[in-house]
Amino acid sequence: MSIIIHYLFFLDAGTSGGNSKDNGETSVKSSKKVESGIYDIISEEVQRRSALITSFCNQGKVDKAYSEFKKMKEENKLPTVEAQNDLIKGLTRLGFLEDAYNIFVQMKGMGGMYKKTIYTSLVVGLSKAGHIEEACKFLQEARSYGLSSPMSVFKNLVQSLVKSGHAKEAYSLYMELKSLGRVPDACILDDLIFAWSQSGEVDVAYKLLLELISTSGAMRPTLFNAVMKGYALENRLDDAMKLLEQMESKGVQPNAATYNTLIDMLGKHDNLTEALRLYNEMKKKNVSPNVITFSTLINLLGRANLIDEAYEVWTDMRSFGVKPNLITYNTLFKALGRSGHIDAASYIVEQMGREGVSPDSYTFSILIHSLGKANKLAAAKSLFEKIKEKPGVVDVVTYTALVTAMGRSGEVDEAVHYFNEMKDKGYKPNVIGYSSLIDSLAKAGKLEEGYSYFQEMEQVGCLPNAVTFNCLIHAFAKAGMPDYTNKLIEDMEARGCGPDPYTYSGLIDGLGRSGFVEVAWKIFKELKELGKCVNVVVCNSMLTALVRTDRINDALECFHEMPQFGCSPDDWTYRSICFGLRNAGRMEDAYRIEQLQQLASPQRASTRTLMV
């Protein structure tokens, strides 16, 4: 794109001096001379047919105009320059750039006189088609003939640069225009604000927003929203909230998109209270929530297991006359499944049908996953059997949900059956399906069979990820086969997908359970020395293994060193160490540890669910 910056120095016809005229109709002197030669004798027929070409172009019938042009060319007759100009513009507008360019080159070769509008059409057409460098070359050529370009040309160039992901080049064009004393219009600034907001440079977008406000007074909520989304991409909640205050102080009314962005950001920061406050604020300010607002809130409340509140928002949506879409329904099903209220889903499915919203494969995947989680395997199988012959409903995601549900509930043979059926039906299992099946087989003591699927996935080109490796590493460690775990870890490193803390958590836990506590303790010490992959989950695995084998002093060492690795003990840590101390008859030490726990946050969440 460096060529673009080079050509920018030729953008303004009034900056280079010389004898060029800037009236938009300047032509090359040599062209005038030739025109008195080649184009001076124009027959009545040529004039009539040229007028026909122009008429077709004005009516938008460019195809007929081009057809007439080709007929004349076959008869060794050329339309007038004006007709060819009109045809070039028409072809360019329709995107037939090659045809337009060929006519243009032919005109130049014969000394035809062409106007600024031709260059404008070509530059705009080329830029819209993504041929940015070619467009810039025409700008330079126009400049060499003393032709200036209207702001619409630069607007199209900026839009094309932005569309093709070249925000920096678009910004350079904007700055060059300013240096030449030409004031870019608001549309160019709009495009730049949107581009920089989404390119990870939201501070530039904010600066441009302030400039736009100061120069044109334009204060549209869409521009503020673009910058706010930029803050969201960079996870800058405080700046986004300040921007909301700025909007209101400048009299710009936030709209639903504004609140939706902020509510989603607050949810990701676990600030559900503030998210609900904004929801109530938008209602008080008569800003109607839309389907995105309600879907976002249901998702946030569902993640927090506040199913009653989620259903209240669902009811609220009805009162606003907002019709839920497929995303809303799927979000509600996830919330119901997460909170253990999947039985209510049947009523919601019926409601979907009444409202003309068809469930998709993802809907059924959520339902099957939730039924499996609630240990309702018969219902999960029944649902799957009902839908699997329907076209476009069952796919690899649906099969994977059923395989996972069966495997997690210990129905390993059923999991294998549906996994193989998925392959027989022509669906290619993904890494999630393979990992789930391998994990289920390993936990059921069928490690050899699980490993065979690991080998199969590589043969079919499905690359294992960290989860796949972690499942096997934990299983081999638990089976007392540390040599295999070492090979798998080496393989992980070679593939660049680990190991991570969960790898070592599973490794240490498995080795501890299989009697290789000393090996696990050695690995843990090496991790400490290297200062990598040590978090509360890894420490808990090591501490539990030490307590289980009555190595209470080593367990205390592990406990007291946790703050050195930037991790704080959680409920599981305290329970494990206190259990070990009481078992060893060290009641006073257990009491002191319990006192430490009381000083810590009383609402500390257990991390046991993160254990491999």
Side-chain angles (χ1 to χ4, degrees), residues 302-303 305 330-331 333-343 345 349 359-388 390 393-447 449-458 460 462-475 478 497 502-503 505-506 608-612:
R303 276 167 36 195
N305 277 329
N330 286 345
T331 302
F333 288 137
K334 285 169 69 177
L336 290 169
R338 191 180 286 114
S339 62
H341 292 78
I342 194 59
D343 290 338
V349 171
D360 63 359
S361 62
Y362 185 53
T363 310
F364 290 113
S365 299
I366 295 168
L367 293 172
I368 290 168
H369 173 81
S370 300
L371 289 166
K373 185 180 175 183
N375 205 28
K376 297 178 182 291
L377 298 184
K381 283 178 62 177
S382 174
L383 175 61
F384 182 82
E385 293 296 333
K386 285 178 183 177
I387 65 171
K388 76 175 184 179
K390 293 182 179 180
V393 173
V394 171
D395 58 13
V396 65
V397 178
T398 324
Y399 264 107
T400 300
L402 186 62
V403 169
T404 302
M406 293 297 166
R408 285 180 177 174
S409 300
E411 301 291 337
V412 184
D413 292 337
E414 289 275 29
V416 171
H417 164 74
Y418 282 110
F419 187 85
N420 290 329
E421 181 181 285
M422 171 170 51
K423 293 190 292 183
D424 293 340
K425 294 276 187 180
Y427 299 111
K428 187 177 179 181
N430 57 26
V431 66
I432 298 173
Y434 272 110
S435 299
S436 177
L437 184 63
I438 291 168
D439 186 47
S440 301
L441 288 166
K443 286 177 178 176
K446 299 184 176 184
L447 184 53
E449 188 176 353
Y451 190 71
S452 71
Y453 279 103
F454 174 75
Q455 293 173 315
E456 176 187 292
M457 69 185 295
E458 295 195 282
V460 299
C462 181
L463 298 178
N465 60 15
V467 175
T468 320
F469 279 106
N470 290 348
C471 295
L472 283 171
I473 288 168
H474 183 239
K478 193 176 176 182
C497 63
Y502 297 99
T503 310
S505 172
R608 182 55 179 168
T609 54
L610 298 178
M611 298 288 284
V612 176

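Numbers for residues simply follow the sequence, beginning at 1.
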Could you tabulate the donor-acceptor pairs under 3.5 Å formed by side-chain atoms of residues 373-380, not counting sequence neighbours?
none

Spacing of CE belonging to M406 relative to CZ belonging to F384, to within rounding of 0.5 Å: 9.5 Å
Side chain D395, main chain T398, donor-acceptor under 3.5 Å: yes
Side chains of residues 407-415: which donor-acceptor partners sit under 3.5 Å, not counting sequence neighbours?
| residue | atom | partner | partner atom | Å |
| --- | --- | --- | --- | --- |
| S409 | OG | A405 | O | 3.1 |
| D413 | OD1 | K446 | NZ | 3.0 |
| E414 | OE2 | K381 | NZ | 2.6 |

Distance-minimising heavy-atom pair for G337 and S370: CA-OG, 3.3 Å
Donor-acceptor pair, side chain of N470 and main chain of A466, under 3.5 angstrom: yes
Stepwise side chain to side chain contact (heavy atoms under 4.5 Å, CB included) check, V431 with L463: CA-CA 7 Å; V431 66; L463 298 178; over 6 Å; no
Close side-chain approach of M422 to K428, heavy-atom, < 4.5 Å: no
pair V393-F364: side-chain heavy atoms closer than 4.5 Å: yes
Heavy-atom side-chain proximity of C462 to Y434 below 4.5 angstrom: yes
Smallest separation among heavy atoms of S365 and A401, with atom names: O-CB, 3.6 Å
Beyond-backbone contact of N465 with T468, side-chain heavy atoms, under 4.5 angstrom: yes
Check: Y418 side chain, T400 main-chain N or O, donor-acceptor pair, under 3.5 Å: no
Donor-acceptor under 3.5 Å (S436 side chain, I432 main chain): no
NZ on K390 to CD1 on I387, rounded to 0.5 Å: 7.5 Å
Atom pair CD1/OG of I473 and S505 - distance to nearest 0.5 Å: 11.5 Å
Steps toward side chain to side chain contact (heavy atoms under 4.5 Å, CB included) verdict (T404, L437): CA-CA 7 Å; T404 302; L437 184 63; over 6 Å; no
Candidate pair F333 and V349, rule side chain to side chain contact (heavy atoms under 4.5 Å, CB included), full reasoning: CA-CA 9 Å; F333 288 137; V349 171; 3.7 Å; yes
Parallel, tilted or perpendicular: rings of F454 and F469 (30°, 60°): perpendicular
Y399 and Y427: CA distance, side-chain angles, deciding distance, ring pair (Phe, Tyr, Trp, His ring centres under 6.0 Å) verdict: CA-CA 9 Å; Y399 264 107; Y427 299 111; 5.7 Å; yes
Side chains of S339 and N305, donor plus acceptor under 3.5 Å: no
Smallest separation among heavy atoms of C471 and D439, with atom names: SG-CB, 3.5 Å
Student check: side-chain heavy atoms of M457 and Y453 closer than 4.5 Å: no
Heavy-atom side-chain proximity of Y362 to K334 below 4.5 angstrom: yes
E421 and K388: CA distance, side-chain angles, deciding distance, side chain to side chain contact (heavy atoms under 4.5 Å, CB included) verdict: CA-CA 11 Å; E421 181 181 285; K388 76 175 184 179; 3.2 Å; yes
Sidechain-backbone polar pair: H474 side chain, L472 backbone, donor-acceptor under 3.5 Å: no
CG-CD1 distance between L336 and I342, expressed to the nearest 0.5 angstrom: 6.0 Å
